[in-house]
Amino acid sequence: IAIFEDTKKKITDAGLELKNSMQVITISMEEPTLDDTMPDNERVTWAVQAATGLERVRIPYSVLKKMPDVLRESHFQAQCVVRVTANDVFLYDMLPMEAKAVVGGLVVDIGTTTVSALIVDMLSGEILAKASSGNGQIRYGADVINRIIESQKPGGHERLQNAIIKETLNPMISNMCRAAKISSQQIYRAAIAGNTTMEHLMMGINADPLRMEPYIPAFFKTNDSRQFLILTARKGSIRKSSQPVSLISIYVYLKIATFRGRRDFCHMPATRGVYAESGGSGFSVPVFPPVFFRNRPENENPPERNFPGDF
């Protein structure tokens, strides 16, 4: 937490505004009648357009599924958790008027030995809860090489993925939500940072190429959270609830490192995911982008820093 708060102070001292693209807006609509049979989603779209001034409104299935009940419960008034950019509005959730809207952001740093996490109120920047735990993968090896070897055995990928998601992250999230007195459904964005091997094993992606020359990862960064969420939800992970599931965007950032300690490295604090706003990415606030050092020739251009923002 001290590192997190220090980073926020440095950002403020540098004259950068702490903000993000997440908002809670209130919409009010005319109730349908026999003379006004507009479908619910179009009625909501028009109301959100009027509230934000933006033409493009995206409503995912998770919001569409709960929309009829919420609208009728609140007599066609509702609170909407949205992400607003210059080009569009994305609805993360829709809540009755009397509900307490909390826009939670989850920050996770997966270490080989220890996993640390925070839940942050994305509207105020307040830290709502914190947690730390041993990495459940440690029983498969104290170092990344042994864990990669374990992952190559039959069922190895699933064992290592379950160890970090089901046995480590989910209990931490549950405990933090309980401490913060919020539901896991109120976590709308997650930024997960870790070394290259830890992220590959968490995602269930083959990490074996990382231990052999030329040590190439499958990815440096990814925000294909929809497919990953589907994968983990089928295993009862990340989100476990009998209530309608609200959408969560998961952003995975690597802290690049290799086993020989000199080829690749970067400094990527987990707080970057909480605050980085770059076209709707991460949890959003301008933060100095991470720099990748790859022993490039002096005349070679640095890699393009195109951080994700699909939600």
Side-chain angles (χ1 to χ4, degrees), residues 3 106-118 130-176 190-225 227-238 240 250-273 290-295:
I3 295 174
L106 173 68
V107 189
V108 180
D109 184 10
I110 300 179
T112 309
T113 305
T114 304
V115 179
S116 300
L118 299 173
K130 62 178 180 177
S132 182
S133 174
N135 189 326
Q137 294 177 345
I138 200 164
R139 68 178 180 275
Y140 298 113
D143 57 72
V144 294
I145 295 292
N146 281 313
R147 292 186 204 178
I148 292 175
I149 293 172
E150 176 67 26
S151 73
Q152 300 307 299
K153 299 176 182 178
H157 284 125
E158 185 172 6
R159 285 194 298 274
L160 286 156
Q161 188 179 50
N162 286 340
I164 186 60
I165 294 177
K166 287 187 175 182
E167 300 173 23
T168 308
L169 290 180
N170 277 349
M172 290 174 66
I173 294 169
S174 296
N175 291 336
M176 286 191 293
I192 304 175
N195 69 51
T196 318
T197 302
M198 293 300 98
E199 297 292 14
H200 279 62
L201 296 178
M202 181 196 72
M203 298 281 284
I205 295 174
N206 183 18
D208 201 44
L210 294 172
R211 68 185 181 98
M212 299 178 292
E213 290 186 3
Y215 314 110
I216 302 299
F219 65 95
F220 279 154
K221 57 186 180 292
T222 179
N223 67 330
D224 196 357
S225 54
Q227 291 189 26
F228 178 57
L229 179 60
I230 291 170
L231 169 70
T232 54
R234 285 174 181 167
K235 298 179 179 180
S237 302
I238 298 293
K240 295 186 294 185
I250 302 174
Y251 298 89
V252 178
Y253 302 102
L254 298 185
K255 296 185 291 188
I256 309 302
T258 61
F259 315 114
R260 300 183 187 276
R262 67 180 185 86
R263 179 179 176 274
D264 291 339
F265 64 92
C266 84
H267 177 59
M268 173 74 84
T271 51
R272 195 272 169 198
V291 178
F292 294 89
F293 301 90
R294 303 191 60 195
N295 290 346

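Along the sequence shown, the residues carry numbers beginning at 1.
Atom CD of Glu150 is separated from atom NE2 of His157 by 10.5 Å, given to the nearest 0.5 angstrom. Leu160 CG to Met203 CE: the interatomic distance, rounded to the nearest 0.5 Å, is 15.0 Å. Atom CD of Glu199 sits about 6.5 Å away from atom CD1 of Ile192, to the nearest 0.5 Å. Distance CG/Asp109 to OG1/Thr114: 9.5 Å, rounded to 0.5 Å. To the nearest 0.5 angstrom, Ser151 atom OG is 11.5 Å from Gln161 atom CD. Atoms CG and NZ, on Asn175 and Lys130 in that order, are 14.0 Å from each other to the nearest 0.5 Å.
With sequence neighbours excluded, the residues satisfying side chain to side chain contact (heavy atoms under 4.5 Å, CB included) with Ile138 are Thr113, Arg147. Asp208 pairs by the side chain to side chain contact (heavy atoms under 4.5 Å, CB included) definition with Ile148, Gln152, Asn206, Arg211, Met212, not counting sequence neighbours. Under the rule for a side chain to side chain contact (heavy atoms under 4.5 Å, CB included), the partners of Ala218 that lie at least two apart in sequence or sit in another chain are His200, Ile205. In this structure, the side chain to side chain donor-acceptor pair (under 3.5 Å) partners of Thr112, at least two apart in sequence or on a different chain, are Asn195.
Summarising the geometry of Met176 relative to Ala131, their closest heavy-atom pair is CG-CB, 3.5 Å, with the distance given to 0.1 Å. Closest approach of Gly141 and Asn146 over heavy atoms only: CA-CB, 3.9 Å. Closest non-hydrogen pair, Pro217 versus Leu210, comes out as CA-CD2, 3.5 Å. Of all the heavy atoms in Ser133 and Met172, the pair that sits closest is CB-SD, 3.6 Å.
A side-chain contact (heavy atoms from CB on, under 4.5 Å) with Asn135 is found for exactly one of Leu201, Ile164, Leu169, namely Ile164.
The main-chain N or O of Gly136 is found under 3.5 Å from a side-chain atom of Thr168 such that the two form a donor-acceptor pair. In terms of modelled atom types and a separation under 3.5 Å, the side chain of Arg159 and the main chain of Gln137 share no donor-acceptor contact.
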